[in-house]
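Here the structure is laid out as structure tokens; the discussion comes afterwards.
Positions are given from 1 along the sequence. Here the structure is a predicted model, which is why all the values come from computation and not from measurement.
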Amino acid sequence: TRTHSDSVVIPKIFQMNKDLAWLFGFYIAEGNSSKNNVVFSFNYKTEMRYVRRIKSIMRRYFGIKKFTLSSNKITTGGQIIVSSTVLARFFRDSFGHGALRKHFPKWISDNLKFSGDVLRGLWDGDGMIRLQILSTTSRTLAHQVKNLLAANEIFSSIRIGSNRKRNPRHDINYSVK
């Protein structure tokens, strides 16, 4: 698929690999897309290695050459923005848009070969590695992660908690441990 103003081409069938699997997992955790952009959020003090990795993967597999970085020195939050209508549509259609609607597409759930890499990207974004907890507001994603872990013989549980004080828009939080 290609638009006249967008040089990114998404093949109908592409070869999944560890890098793409990680990127897709990280997008599910920390990404979002508008009509024209794919955005990844990160902590610019502690997560610059993720920025370098995202840029490298985007260059290698999607031919992206230009990135916009923004940061907020007060909150230490940052964003890497990729301007591409085609890529934004691909990520939005494949993985959902907004925290509540994030999910794995079937072609990820069914591919156990790279499930560890997808989960690593997801945990790098939203997980607490030391505590082995993944936190999400997406009920669908929580259950998909639990099922993917089970398929890899890692047994987990889901705890449902209130998020109302921290973020009233996302008042239910699912923790997979």
Side-chain angles (χ1 to χ4, degrees), residues 14 16-34 37-51 53-54 57-58 61 72 75-82 87-177:
F14 58 88
M16 183 65 118
N17 60 52
K18 290 177 177 254
D19 286 335
L20 288 171
W22 179 87
L23 180 74
F24 298 153
F26 197 84
Y27 173 83
I28 291 168
E30 295 294 344
N32 212 340
S33 50
S34 65
N37 299 310
V38 178
V39 179
F40 295 89
S41 298
F42 62 94
N43 180 312
Y44 76 85
K45 285 192 175 183
T46 61
E47 298 179 334
M48 287 306 290
R49 68 189 177 281
Y50 300 146
V51 172
R53 188 168 184 188
I54 290 166
I57 294 168
M58 287 291 201
Y61 298 104
N72 182 325
T75 65
T76 71
Q79 294 183 325
I80 180 169
I81 302 163
V82 179
L87 212 50
R89 186 179 322 116
F90 168 74
F91 275 85
R92 190 174 53 249
D93 292 349
S94 297
F95 309 107
H97 173 72
L100 293 170
R101 293 179 294 279
K102 290 287 181 73
H103 65 275
F104 292 131
K106 188 164 175 41
W107 50 269
I108 293 247
S109 305
D110 291 347
N111 190 341
L112 289 181
K113 181 177 180 183
F114 296 106
S115 60
D117 300 296
V118 172
L119 290 169
R120 171 56 66 188
L122 187 61
W123 245 270
D124 283 349
D126 272 348
M128 293 180 260
I129 304 277
R130 211 173 65 249
L131 300 175
Q132 298 179 332
I133 297 173
L134 174 82
S135 182
T136 180
T137 57
S138 168
R139 181 177 190 271
T140 300
L141 182 60
H143 286 279
Q144 287 180 316
V145 167
K146 185 177 185 293
N147 292 339
L148 204 52
L149 288 168
N152 284 281
E153 298 182 7
I154 300 168
F155 299 99
S156 60
S157 61
I158 296 175
R159 185 178 145 260
I160 302 170
S162 175
N163 212 16
R164 197 167 282 142
K165 286 183 182 175
R166 235 181 84 210
N167 190 344
R169 287 182 23 217
H170 303 146
D171 59 343
I172 296 177
N173 186 55
Y174 301 90
S175 297
V176 182
K177 183 174 182 172

Can you classify the ring geometry of Phe95 versus Phe24 as parallel (below 30°), tilted (30 to 60°) or perpendicular (above 60°)? tilted
Ile28 and its side chain to side chain contact (heavy atoms under 4.5 Å, CB included) partner, picked from Thr136, Leu122, Leu23: Leu122
Tell me, do Met58 and Leu87 make a side-chain contact under 4.5 Å, heavy atoms counted? yes
Work out which heavy atom in Arg53 is nearest to a heavy atom in Lys18; give both atom names and the distance. NH2-O, 4.4 Å
What is the distance from atom OG1 of Thr140 to atom NE2 of His103, rounded to the nearest 0.5 Å? 8.5 Å
Just by distance, do the side chain of Gln144 and the backbone of Phe104 share a donor-acceptor pair under 3.5 Å? yes
When you compare the side chain of Ser33 with that of Tyr27, does any pair of heavy atoms fall below 4.5 Å? yes
How about Leu112 and Leu148: do any of their side-chain heavy atoms sit closer than 4.5 Å? yes
Mark yes or no for whether Asn152, through its side chain, and Ile154, through its backbone, hold a donor-acceptor pair below 3.5 Å. no
Using a strict cut-off of less than 4.0 Å between a Lys/Arg side-chain nitrogen and an Asp/Glu carboxylate oxygen, indicate whether Arg89 and Asp93 qualify as a salt bridge. no
Which heavy-atom pair separates Met16 from Ala21 by the least distance, and what is that distance? SD-N, 4.0 Å
Worked verdict on Asp124 versus Glu30 for side chain to side chain contact (heavy atoms under 4.5 Å, CB included): CA-CA 9 Å; Asp124 283 349; Glu30 295 294 344; over 6 Å; no
Tightest non-hydrogen contact, residues Phe40 and Phe42, listed as O-CD2, 3.9 Å
Which of parallel (below 30°), tilted (30 to 60°) and perpendicular (above 60°) describes Tyr50 and Phe26? tilted
In terms of heavy-atom contacts, Tyr61 and Asp19 come closest through OH-OD2, 3.4 Å
Test side chain to side chain contact (heavy atoms under 4.5 Å, CB included) applied to Phe114 and Trp22, step by step: CA-CA 9 Å; Phe114 296 106; Trp22 179 87; over 6 Å; no
At what distance, to the nearest 0.5 angstrom, does NZ of Lys106 lie from OG of Ser94? 14.5 Å
Go through Asn37 and Asn32 one step at a time and tell me if the side chain to side chain contact (heavy atoms under 4.5 Å, CB included) criterion holds. CA-CA 8 Å; Asn37 299 310; Asn32 212 340; over 6 Å; no
If you compare all heavy atoms of Ala88 against all heavy atoms of Ser34, which two are closest, and at what distance to 0.1 Å? CB-O, 3.3 Å
I need the Leu141 CG to Lys146 NZ distance, nearest 0.5 Å. 14.0 Å
Tell me if a side-chain donor or acceptor on Ser138 pairs with a main-chain N or O of Lys102 at a distance below 3.5 Å. yes
